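Shown next, in structure tokens, is the structure this report addresses.
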There are 2 protein chains.
Amino acid sequence: MTTGAGPGPGLRDRKKEETRLRLHTTALRLAVERGVGAVTVEEIAAVAEVSPRTFFNYFATKEDALVNTDAGRAAATHAAVLARPAEESPAEALRAVLTEHVRALEADRDLWRMRSELAARSPELAARAAGAGERFESALVDAAYARAGTDPARDLLPGLTARVAMAAVRAAYQQHRLAGQEGSLADRLATAFDAAGLR
Amino acid sequence: MTTGAGPGPGLRDRKKEETRLRLHTTALRLAVERGVGAVTVEEIAAVAEVSPRTFFNYFATKEDALVNTDAGRAAATHAAVLARPAEESPAEALRAVLTEHVRALEADRDLWRMRSELAARSPELAARAAGAGERFESALVDAAYARAGTDPARDLLPGLTARVAMAAVRAAYQQHRLAGQEGSLADRLATAFDAAGLR
DNA sequence: ATATCTTTCTGCACTCTGTGCAAAATCCAG
DNA sequence: CTGGATTTTGCACAGAGTGCAGAAAGATAT
């Protein structure tokens with residue numbers, strides 16, 4: 001196994017990621033076109049050129065393929081919070097990480113729009129998305145306590161701060177959506193953080 | 001039809017409510033006993049003494065029977081916020097309504113514990129619960145904007161305030177859970193509201 | 001009490017989701 | 001190229017969820 005600037009993840013893992021992404025985007029596209037309920041796993045698999053059985057090797061349920069519930073992202077965010085400079089306050093660290101996260105989301109805007117649209121149309125999906133959001137929030141809360149080094153059963157503040165930060169994200173995002181996705185989401189988020197008293 | 005202390009809803013509707021509740025509690029009990037995945041709709045229906053087909057006349061999915069996703073509660077909360085005295089600030093109104101809401105939850109503690117336990121064990125259910133929570137939060141946000149009378153696309157504050165209030169509820173609840181459900185949840189919530197700067 | 005109308009319950013047939021298992025195909029290392 | 005590891009696939013199957021039409025039961029009027 002040559003490391004360095006070599007093949008990196010290796011062909012096998014690269015293919016796996018490709019397939020996962022292809023299934024996700026295919027599912028998303030078909031569902032947007034004709035509605036979540038009117039799309040079958042069989043179709044998705046066929047368009048993505050894998051067997052139906054393989055679909056379930058990547059996603060446990062049809063909805064998972066649409067939400068792309070990535071357990072790794074929550075973990076990555078957790079790590080990112082811990083990686084912030086030690087002199088930053090919890091609020092500052094959370095703010096920095098979430099701002100970065102939102103910037104990343106703004107990058108592939110189209111994908112995000114499709115997801116939002118679907119969630120608005122399907123209660124089933126909205127629930128999934130909410131579940132994913134909650135796991136994300138939990139990761140953030142854990143990270144806040146890890147930075148503070150205090151006991152969650154006694155110290156309210158870190159958890160509260162993390163949740164308020166998420167409240168700011170949601171508020172900023174809703175405003176952004178209602179305003180037709182114009183302007184910078186990151187700017188709106190900064191305003192929301194300030195208004196929430198996070199610093 | 002004599003009103004007053006009369007038959008009220010009528011036999012038919014009474015039976016319907018009974019059946020619904022029986023299915024809900026049966027599902028909950030079986031799921032707690034042997035795990036969500038190991039219970040089939042067929043069993044639930046059999047124990048509740050209805051046909052499997054009838055189960056689906058009451059709940060669209062097996063999970064719905066467990067979460068008993070009550071759309072009315074969000075609406076009731078919305079109304080409650082609007083019913084608060086006009087001189088209260090948005091934050092005060094939200095605080096009062098949420099405190100009352102939490103007090104009501106503390107009342108039937110056992111039911112709540114079963115639900116929490118199930119949600120902790122089943123990601124599927126956790127997602128449902130999160131979805132219900134989000135609908136609740138949305139109702140609160142709507143109510144805040146209705147009180148403020150401003151445009152959600154322009155005015156960030158009411159939505160942010162409502163979400164921060166929910167953040168306080170979640171933080172207080174988590175602490176309460178981690179502390180073994182001892183003491184008053186309402187008191188913890190008051191502390192959380194203060195710490196979040198809501199007044 | 002009887003006849004009639006309305007709503008609910010139920011059985012049946014069917015599609016789709018999701019899982020376990022073993023064989024085939026594919027990738028990787030030496 | 002060869003042997004070992006992983007991934008893909010087909011197959012069989014149980015359970016979820018739906019549409020439909022007839023049976024059962026509550027409601028209503030005479």
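Computed over heavy atoms, backbone and side chain alike; hydrogens, waters and symmetry mates excluded. Computed from a prediction, not measured in an experiment: that's the story for all the values here.
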How long is the line joining [atom1] of [X] and [atom2] of [N], in whole Å?
X: B/E18; N: C/dT8; atom1: CD; atom2: C1'; value: 15 Å
X: B/F56; N: D/dG17; atom1: CZ; atom2: P; value: 5 Å
X: A/N57; N: C/dT26; atom1: CG; atom2: C1'; value: 14 Å
X: B/R14; N: D/dG26; atom1: CZ; atom2: C1'; value: 11 Å
X: B/F55; N: C/dG11; atom1: CZ; atom2: P; value: 16 Å
X: A/R20; N: D/dT8; atom1: CZ; atom2: P; value: 12 Å
X: A/D13; N: C/dC28; atom1: CG; atom2: C1'; value: 11 Å
X: A/E124; N: D/dT18; atom1: CD; atom2: C1'; value: 15 Å

Check your understanding: Quick one: does A/L178's side chain get under 4.5 Å of A/Q174's, heavy atoms only?
Key ->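 Result yes, sub-4.5 Å side-chain heavy-atom pair found.
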**Study point:** Contact check, side chains of A/M166 and A/L140, non-hydrogen atoms, under 4.5 Å
**Key:**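 Result yes, sub-4.5 Å side-chain heavy-atom pair found.
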Exercise for review: Mind checking A/T54 for me? I need base, sugar-phosphate or nothing, with any heavy atom below 4.0 Å counting as a touch.
Suggested key: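 A/T54: base contact, heavy atoms under 4.0 Å.
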Practice item. Using a heavy-atom cut-off of under 4.0 Å over every strand shown, decide if B/Y58 touches base, sugar-phosphate, or nothing. Key: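 Here B/Y58 touches the backbone only, sparing every base.
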Can you tell me which nucleotide in [options] comes closest to the side chain of [X]?
X: B/S51; options: C/dT10, C/dT17, C/dT7; answer: C/dT10
X: A/T19; options: C/dC16, D/dA16, D/dT8; answer: D/dT8
X: B/R12; options: C/dC9, D/dG15, C/dT7; answer: C/dT7
X: A/T61; options: D/dA16, C/dT17, C/dG18; answer: C/dG18

Practice item. Report the C-alpha separation of B/R154 and A/Q175 in whole Å, then their side-chain angles, then the decisive distance to 0.1 Å, and conclude whether the side chain to side chain donor-acceptor pair (under 3.5 Å) test is met. Key: CA-CA 7 Å; B/R154 299 181 165 278; A/Q175 193 189 32; over 6 Å; no
Review point. Is any side-chain N or O of A/K62 closer than 4.0 Å to OP1 or OP2 of C/dG18?
Key: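 A/K62 to C/dG18 OP1/OP2: no side-chain N or O under 4.0 Å.
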Check your understanding: How do B/K16 and B/R53 order along DNA chain C: which one's closest nucleotide is nearer the 5' end?
Key ->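 Comparing both residues, the 5'-ward one is B/K16.
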Review point. Below 4.0 angstrom, N of the basic side chain to O of the carboxylate: do B/R128 and A/E124 qualify?
Key: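 Answer for the salt bridge query: yes.
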Point to revise | Under-4.0 Å salt bridge between A/R170 and A/E137 | key: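 Looking at A/E137 together with A/R170, the answer is yes, because their closest N to O distance falls below 4.0 Å.
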